[in-house]
Amino acid sequence: MRSKVKPEIGHNARLPRNHRSLHSDSGRTSAFPNLLLPIPASEHQRAQRSLKRPLRIMKFGGTSVADASCMRRVAEIIQSAAQDSDLVVVISAMSGVTNKLIEAAVQSECGNREAVVQIFSQLRTQHGAALTSLIQSDASRHRIGQQMQELFGEGERLCEATALLHELTPRARDSISSLGERLSVPLVAAVLEESGLASQCIEATELIVTDSYYGGAEPWMDLTRERSTARLQPLIEQGTVPVVTGFIGANEDGVLTTLGRGGSDYSATILGSALDADEVIIWTDVDGLLTADPRLVPEACLISEISYREAAELAYFGAKVLHPKTLQPVIQRGIPLRIRNTFAPEKLGTKITPAGCTNGVGVTALAAVTDAAMITIGGPGLWGVQDVLGRTFATATAVRTDVLLISQSSSQNDICLVVSSSHAKRMLEALRHEFSHDLAHEKAEHITLDATVAIVTVVGQNLRALAGMVGRIFAALGRENVDLLAIAHGASACNLSFVVARKDVRAALVAAHREFQLGELAAAMFPVNNSDRPVAWAYESGRNSPDAD
Ligand code: ADP
Ligand code: ASP
Ligand code: MG
């Protein structure tokens with residue numbers, strides 16, 4: 001028997017009564033003609049909000065605010081959008097900064113103070129250069145410079161406390177890693193102010209109320225809606241653009257939490273849902289959602305429209321362009337999401353809508369979780385162990401680990417499950433603890449970990465009906481000498497996942513992409529002019545490596 005476990009999104013999700021479709025009716029002026037696509041608000045929203053202009057949440061990722069010139073570009077996009085929309089802007093840390101902050105936190109725990117000093121010195125230089133280049137007014141530069149020094153001081157004190165204790169608590173790690181967003185937001189808000197657009201920088205600790213699960217906190221939506229509306233609505237109504245820190249929130253006691261790496265996308269959709277926005281736009285460094293990760297599959301092509309369900313599967317299974325949870329808040333409210341390129345704002349990007357671009361049956365795109373680990377629980381006596389699956393899932397829940405894929409042989413009850421590498425050790429330890437009695441009595445022979453695997457996922461509509469799909473994948477991988485270690489198919493109509501050795505992930509993706517002619521199909525269905533090949537851009541810029549911040 002094979003099955004796969006992950007939260008169901010889509011069919012079981014609560015969709016609003018009035019779905020909106022995206023279509024164009026505008027002759028509005030804008031510096032970027034395609035920048036603002038008019039969105040008809042639902043009746044529900046019209047009744048709920050008295051605002052006359054559409055409300056858009058626009059999130060800019062790390063590469064979009066990588067340096068002063070990128071920030072200027074971002075400010076232009078915001079100014080242009082502000083001509084005909086109300087806006088809330090969400091900003092990430094400058095590219096690479098969160099990685100450096102986490103490195104400083106880890107080095108503090110090891111007592112390596114010299115490394116921490118160096119990291120903070122680099123961060124001061126990087127932010128100082130952006131400040132000097134961006135802000136003309138002496139008074140503003142002085143004010144923001146002081147604000148930055150306070151934030152750096154806070155970070156250094158947290159690192160010093162960590163070094164003294166020789167312990168990096170999850171709470172301290174969150175506080176240290178939050179500094180990147182808290183440093184970048186005042187810069188963007190100040191550039192907007194200087195260019196004549198009223199704006200205010202706001203820390204999301206004032207808006208997003210979360211549980212206390214540091215490093216991967218979940219929002220309490222009712223409280224978040226209350227606070228965000230109370231704080232942001234008056235600003236929006238007076239024409240001020242709130243510029244909000246991505247990635248962070250605070251628990252009910254006001255202690256800072258983070259939403260997990262890449263979490264600014266999630267911040268944007270949480271705020272979109274909280275404010276019942278008309279659209280959320282994720283501005284990033286590629287043209288939109290592509291048929292595969294362009295760093296692994298150079299032939300990947302732009303998808304111009306895709307369903308919530310398919311996009312959520314791609315995000316969940318490794319498409320880094322969206323944080324895995326990004327779709328959840330907007331699905332519940334039927335709010336359209338767009339992915340657009342900060343460096344080519346004239347392009348339309350990808351539109352993510354409830355139904356997507358229904359072509360009936362077929363493969364839409366591929367994704368891969370390259371940092372996966374496979375845990376195997378096995379042994380001839382396992383058939384006699386009570387409720388192996390139930391206990392395994394209860395253990396996963398207890399240590400907050402998502403089981404990405406599971407495969408079971410019912411004759412002996414042997415199971416293998418795949419989790420993200422970062423959770424593998426704690427899951428292994430928790431399982432060994434849970435089954436310690438069975439291991440001691442040799443009912444379970446072993447619980448082992450293989451940390452060198454990857455999951456490849458094929459996403460599409462109604463894949464169950466796609467004749468011979470599994471056979472085609474087997475054949476395509478066989479031609480490339482790629483071994484399949486496990487497979488999960490059937491639980492979801494729009495997802496098929498299989499496990500391969502990590503060294504084979506690129507070959508597996510390229511083979512599947514070619515087998516299903518995704519480059520050609522995407523190009524035929526959604527013609528884009530050749531100059532907007534995002535792949536070449538992403539490679540040539542040298543900015544994208546699979547592990548980049
Ligand atoms: P940001 O800094 O804007 O948050 P990220 O680096 O988190 O950007 O995400 C954008 C990157 O995601 C792209 O540069 C691309 O390399 C990677 N990526 C992985 N899979 C996909 C995909 N299917 N479509 C588009 N981009 C993808
Ligand atoms: N800065 C955070 C990170 O690098 C959040 C984000 O960029 O979305 O993980
Ligand atoms: Mg990101």
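First listed ligand is number 1; within each ligand, the first listed atom is number 1. Numbering of residues begins at 1 and proceeds along the displayed sequence.
- The heavy atom nearest to atom 2 (O) of ligand 1, considering only S95, G246, G62, is found in G62.
- Looking at K59 against ligand 1, only its side chain comes within 4.0 Å, counting heavy atoms.
- Residue G61 places every heavy atom at 4.0 Å or more from ligand 2.
- Between G180 and ligand 2 there is no heavy-atom distance shorter than 4.0 Å.
- Contact atoms of ligand 2 toward S92: 6 (C), 7 (O), 8 (O) (distance under 4.0 Å to a heavy atom of the residue).
- A donor-acceptor distance shorter than 3.5 angstrom exists from the side chain of D278 to the backbone of L55, with no hydrogens or angles considered.
- Contact annotation for K320 and ligand 1: heavy atoms of both the backbone and the side chain come within less than 4.0 Å of the ligand.
- The closest approach between any non-hydrogen atom of L314 and ligand 1 is not below 4.0 Å.
- Of the heavy atoms in H323, none comes closer than 4.0 Å to ligand 2.
- Pairing each heavy atom of F60 with each of V65, the nearest pair is CB-CG1, 4.4 Å.
- Near T284, with a cut-off below 4.0 Å to any heavy atom, the atoms of ligand 1 are 1 (P), 3 (O), 8 (O), 10 (C).
- Contacts with ligand 1 closer than 4.0 Å are made by backbone heavy atoms (N, CA, C, O) of A292 only, the side chain lying farther away.
- Distances from ligand 1 to the non-hydrogen atoms of G262 include no value under 4.0 Å.
- With respect to R72 and E76, no salt bridge is recorded, no charged nitrogen being found less than 4.0 Å from a carboxylate O.
- Taking only nitrogen or oxygen atoms, main chain and side chain alike, S264 reaches within less than 3.5 Å of ligand 2.
- The line from CD1 of I339 to CH2 of W283 is 12.0 Å long, rounded to the nearest 0.5 Å.
- The two residues L207 and R227 have their closest heavy-atom pair at O-CB, 3.7 Å.
- For G318, the heavy-atom gap to ligand 1 stays at 4.0 angstrom or more.
- Below 3.5 Å of separation, one finds an N or O of R295 facing an N or O of ligand 1.
- Short contacts between ligand 1 and G288, defined as distances under 4.0 Å to a heavy atom of the residue, involve ligand atoms 24 (N), 25 (C).
- Residue-to-ligand polar distances place R261 within reach of ligand 2: an N/O pair is separated by less than 3.5 Å.
- Between the side chain of T224 and the backbone N or O of V209 there is at least one donor-acceptor pair closer than 3.5 Å.
- Distance check: Q147 CD to R182 CZ gives 10.0 Å after rounding to the nearest 0.5 Å.
- With hydrogens and angles disregarded, a donor-acceptor distance shorter than 3.5 Å links the side chain of R338 to the backbone of L348.
- Numbered from 1 in the order shown, with element, the atoms of ligand 2 that lie under 4.0 Å from a heavy atom of F247 read 2 (C), 5 (C).
- Atoms of ligand 2 lying under 4.0 Å from any heavy atom of T98, numbered from 1 in the order shown and given with element: 1 (N), 2 (C), 3 (C), 4 (O).
- In this structure, F152 and F120 have perpendicular ring planes: the angle between them is above 60°, well past the 30° mark.
- Taking distance alone, with nitrogen or oxygen atoms compared against 3.5 Å, L290 approaches ligand 1 more closely than that limit.
- When side chains are defined from C-beta on, L314 counts as touching I306, because their heavy atoms get closer than 4.5 Å.
- With respect to the salt-bridge test (charged N to carboxylate O, under 4.0 angstrom), the residues E218 and R400 do not qualify.
- Heavy-atom proximity to atom 19 (C) of ligand 1, evaluated over D265, D293, T291, is greatest for D293.
- Taking distance alone, with nitrogen or oxygen atoms compared against 3.5 Å, G262 approaches ligand 2 more closely than that limit.
- Pairing each heavy atom of L271 with each of V88, the nearest pair is CD1-CG1, 4.4 Å.
- In this structure, T269 contributes its side chain and T326 its backbone to a donor-acceptor pair below 3.5 Å.
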